[in-house]
Amino acid sequence: MRWWKMLGLAGIMGVAATGVVIARAERRRRAYTPEEIRVRLRERVVEGAPPPGGAAGA
């Protein structure tokens, strides 16, 4: 039954590691100021916009 314990510990370690990754991403996301977020969103809109007068629906 010892391998069951090892499997359980490995599962717990995996869950903990996933939590760490999520926490880091959340901290990184919250580090942006509202103005930085607006600028990044505007840049994405410009990059994804079709060229003016182009055949977007064709």
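Numbers here are sequence positions counted from 1. Values below: every heavy atom of this structure, side chains too, minus hydrogens, waters and symmetry copies.
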Using 4.0 Å as the upper bound for N to carboxylate O, is an ion pair formed by Arg44 and Glu47? no
Under the criterion salt bridge (charged side-chain N to carboxylate O under 4.0 Å, His left out), I'd like the reasoning laid out for Glu26 against Arg29: C-alpha separation, chi angles, the key distance, then a yes or no. CA-CA 5 Å; Glu26 184 69 16; Arg29 186 185 65 82; 2.6 Å; yes
Minimum heavy-atom distance between Tyr32 and Glu36, given as atom pair plus value: CA-OE1, 3.3 Å
To the nearest 0.5 Å, how far apart are CD in Glu43 and CZ in Arg38? 14.0 Å
